[in-house]
Amino acid sequence: MSLSAAEPGSRGGERARADYSSRRAAGGSASCPPGEPMEPTEGAEEERLVQCPVCLQELPGADINAHLDRCLQAGGAQPEPPSKRPRLAAAPPGSQAEGQPEQARPAAGSPVFSLFHKGRGGGQSPAAAGGRSGAGRDEAPVQPGHGCAAAPCGESLAHKLQGKPLAERLRPDTLGDYVGQEPVLGAQTLLRSLLESHEIPSLILWGPPGCGKTTLAHIIANSSKKNGMRFVTLSATSAKTNDVRDVISQAQNEKRLFKRKTILFIDEIHRFNKSQQDTFLPHVECGTVTLIGATTENPSFQVNAALLSRCRVIVLEKLSVEAMEAILMRAVRFLGLRVLGQSDQHGTPATGSSSKSSEFPVYIEEKALNTLAYLCDGDARTGLNGLQLAVQARIAAGSTTTKGGAADGILVTEEHIKEGLQRSHILYDRAGEEHYNCISALHKSMRGSDENASLYWLARMLEGGEDPLYVARRLVRFASEDIGLADPLALTQAVAAYQGCHFIGMPECEVILAQCVVYFARAPKSIEVYRAYGKVKECLRMHTGPLPPVPLHLRNAPTRLMKNLGYGKGYKYNPMYKGPVEQDYLPQELKGTDFFKEQET
Ligand SMILES: Nc1ncnc2c1ncn2[C@@H]1O[C@H](COP(=O)(O)OP(=O)(O)OP(=O)(O)O)[C@@H](O)[C@H]1O
C-alpha cells in the first residue's frame, strides 16, 4: 500500500481511490463494517496518519481504505472530524445526503456548512432574539405567496407572533415575492436572467441593513438547491480562517467526487480581514466555489481588490416607501389584520386573513402603515419588527375599542407604531438629511469645544443606528482639519478609534467614539495646516500655463545620464551643514511665497 498523506483535492486523493478500488477487488478490508477495528497491515507506511480526501479525518494508513469505502458509500459524509466546531450545520435539503439515513449525513460540525435548509430540530433561529443573520442560522422555509406564508392557515395571530421574528418568517423564497430593487433585479436585467437560468456568478451584494441582501442570497440558495448545487453559508462575524479552509476543501471534494458545484455565501464579508479574504481568491478564480458576499460597507474599501475584480458587485438600495408598503401589506395579510382606512371606518379585512374567528379582530390604521413604511427608512427588518412589536403590545394590553363604529377589537394606531419604533429604533434617517444634519452638529460642537453637545449628537447618531465607522471617519478628518498641529496626537486617537470600532463593532465601540469625541472637544484647536494646504491648492488651481518644472537641484539622479543633464547638481545635503542652509525648494516663480501667512481680514 502506498497511500501518502494527501491534501484534499490533491493527486493523493486519486491515489487513495485507486488503492481503495484495487483492495476492494482483492476482497480486502474495505468490507469491514463501520466501527469495527481494522486488521493490522504490515509495514511502517501503515502507521503514518493519512488524511481522508473526502471527510478530511486523519487515520492510520492501515485504516484508510476501509474508511474511504464507508465514506464514499455515505456520499462523502462521515462522522465529524474532531476539530470541527458545533456552529457548522448539516447538509442542505435536496442534497445527496438528504435522502440518506440520519447517521450517514454530515453531522453538525461536519465540514458541510449548509444552512439555508429546513430546520431539522425545528429550533428557534438565533435571529429570533432579534439577531441578525449569522453562521449557524437554521431557517424554516417560507412558502411563496402571501396570506399563509410560513404558517398553516388557521394558525392564531398570537401564535404567528411568537417564536421567530416576523421578518424571518416572511423572508421571501422566490424572486416573485422579492419587492423592489428594480434597477438590479427588474425584468430584463442581467442579474435576473442569470438567476433564472441558474447561471450564478460570484457576487458581492452591497446595500444598507434590511434592504434584502440575505434574502436575495436565500432566494439564490433555494433555486440553486433545486438545481443540484450545494449552498453553504458562513458569517464573517464568527467564522475563522480554518472554517473557510474547511468549506473550500469540502467544495473541492464535492466537485471532484460528485461533480457538484458549491455556492458559498458570506454574510458581512467586510468583517473578514484582507488575508482571510485572500483564502478564497484562487478558489473563486478556478471555479471551485461561487462566492456570494453581503456587505453594508463600500466594497471598494473593505473587500480585497483582487477578489472584487472576480465578483460582480450588486448595489442594492434602501427600500422605497412604496416597496416598504408592499412588504408591510404582505405581513398584514399574513397576520390577518384588518386595515382601517381613513374613509373606511369598518375596516377592510386583508385578503388571506388567517386569524381564528374566535379571536378579537385586530385593526390597523392605514395611516399607521404609511407612517411605518416611511419611518423605517428602507429597512424591511425594522419595519416588520416594528409592526410585530406594536401588534404584540396591543394584544398584550388587551385593549378593545369600538372606535369609529368598528366591531369590538384591537386597534393599532399610528401612535402605537411610533411608540414601538421609538423604543427599538430612534427616529433617525441614516441616509437622508438627518444623517448630514447630525454629523454636522457633532463636528461643530467639537469645534466649539462643547463636550456635552458633542456627546449628545454622537449618541443621537449611534442610537439611531448610524454606522460607527462613518462617525469614526469624520473624527479622523476632524483631527487634522480642526486640531491639527495644536495636538498632533489627536490624529493617532482618531485612527485608533476607527480601528477599535472596526474590531469590535456596535454596541461595544460606542464608548471608544465617546472618548475620542470628548478628547476632541477638549483639545486645543488649530486650522493652520488646513488653511495653508487650502492656499496651496488654490495656487495650483489659479496657475495659468504649464506648471513650473521641479528645480534641477531637487531632482534625484540615479543614472549617469541624469547626472549629465544636471539633475541633483548643486543640491546641499542639509545634515552636512551645521547651520541653516541657503537653498530654494519652491519653483523659481513661487520663490518667497508663504502659504502660512495669515490673511488680513
Ligand atoms: N426586497 C425585499 N422583499 C421582501 N422582503 C424583504 C426584502 N428585503 C428584506 N425583506 C425582509 O426583511 C428581512 C430582513 O432582510 P435581509 O436579512 O435580507 O436584510 P439584509 O440586507 O441582509 O440586512 P443586514 O445587512 O442587516 O443583514 C427579511 O427577512 C425579509 O422579511
Side-chain angles (χ1 to χ4, degrees), residues 115-116 125-128 130-135 137 139-146 149-151 160 164-186 191-192 195 203-222 233-238 265-271 292-299 302 314-335 372-373 376-388 424-425 430-431 465-467 469 505-506:
L115 295 164
F116 285 121
S125 147
R132 295 268 179 89
S133 43
R137 180 170 56 210
E139 295 169 0
V142 180
Q143 312 300 322
H146 293 306
K160 284 177 191 171
K164 276 192 170 193
L166 192 57
E168 286 302 316
R169 291 195 80 169
L170 290 177
R171 194 188 285 285
D173 261 346
T174 59
L175 277 181
D177 284 335
Y178 193 78
V179 179
Q181 309 298 358
E182 295 297 324
V184 284
L185 271 169
L191 185 61
R192 184 172 278 265
L195 297 186
L203 300 171
I204 300 286
L205 306 174
W206 173 29
C211 71
K213 301 180 293 296
T214 309
T215 304
L216 185 54
H218 178 81
I219 290 169
I220 296 174
N222 275 328
T233 190
L234 280 180
S235 172
T237 48
S238 52
F265 173 60
I266 302 192
D267 203 7
E268 307 203 41
I269 192 168
H270 59 273
R271 296 222 184 198
I292 301 183
T295 177
T296 47
E297 298 290 321
N298 185 338
Q302 308 291 346
I314 304 294
V315 183
L316 300 178
E317 303 288 336
K318 68 175 182 174
L319 292 159
S320 64
V321 174
E322 294 73 37
M324 272 313 310
E325 280 172 353
I327 290 171
L328 290 172
M329 275 314 291
R330 181 169 176 247
V332 162
R333 281 192 289 269
F334 167 72
L335 295 173
L372 182 55
C376 66
D377 190 27
D379 179 341
R381 186 187 293 106
T382 301
L384 291 169
N385 289 347
L387 177 67
Q388 178 173 15
S424 61
H425 184 82
R430 268 167 302 181
E466 184 56 86
D467 175 5
L469 291 180
M506 280 292 278

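We number each residue from 1, following the sequence as shown. Order of listing sets the numbers, starting from 1, for every ligand and every atom in it.
Of all atoms in ligand 1, listed by their number and element, those nearer than 4.0 Å to a heavy atom of Val179 are 1 (N), 2 (C), 3 (N), 4 (C). Taking every non-hydrogen atom of Ala380 and a distance limit under 4.0 Å, the qualifying atoms of ligand 1 come out as 9 (C), 10 (N), 11 (C), 12 (O). When each atom of ligand 1 is checked for a heavy atom of Cys211 under 4.0 Å away, the hits are 8 (N), 19 (O), 21 (O). Against a heavy-atom cut-off of under 4.0 Å, Thr296 is close to the following atoms of ligand 1: 25 (O). Counting the atoms of ligand 1 from 1 in the order shown, those under 4.0 Å from a heavy atom of Thr214 are 17 (O), 18 (O), 20 (P), 22 (O), 27 (O). Heavy-atom proximity to Leu170, at under 4.0 Å, picks out these atoms of ligand 1: 31 (O).
Here Thr215 has heavy atoms under 4.0 Å from ligand 1 in both its backbone and its side chain. Under 4.0 angstrom from ligand 1, the non-hydrogen atoms of Ile327 all belong to its side chain. By the criterion of a heavy-atom distance under 4.0 Å, both the backbone and the side chain of Pro209 are placed next to ligand 1.
No N or O atom of Pro172 sits closer than 3.5 Å to an N or O atom of ligand 1. Considering backbone and side-chain atoms alike, Leu384 places every N or O at 3.5 Å or more from each N or O of ligand 1. When only interatomic distances are considered, the shortest N/O to N/O separation between Leu319 and ligand 1 does not fall below 3.5 Å. At least one N or O atom of Arg381, backbone or side chain, sits closer than 3.5 Å to an N or O atom of ligand 1.
Using a 4.5 Å heavy-atom cutoff, the side chains of Thr214 and Asp267 are in contact. Side-chain contact between Leu319 and Gln181 is present, with at least one heavy-atom pair separated by less than 4.5 Å.
Among Arg171, Met324, Lys213, the residue whose heavy atom sits closest to atom 21 (O) of ligand 1 is Lys213.
Rounding to the nearest 0.5 Å gives a distance of 12.0 Å between CG of Leu469 and CG of Asn298.
Considering only residues two or more places apart in sequence or on other chains, Ala373 meets the side chain to side chain contact (heavy atoms under 4.5 Å, CB included) condition with Val321, Met324, Glu325, Leu328. For Ala331, the side chain to side chain contact (heavy atoms under 4.5 Å, CB included) partners are Leu166, Leu170, Leu384, Leu387, not counting sequence neighbours.
Taking all atoms of both residues into account, the shortest heavy-atom contact from Tyr178 to Gly212 is OH-O, 2.8 Å.
Using a distance-only test at 3.5 Å, with no hydrogens or angles considered, a donor-acceptor pair links the side chain of Thr233 to the main chain of Phe265.
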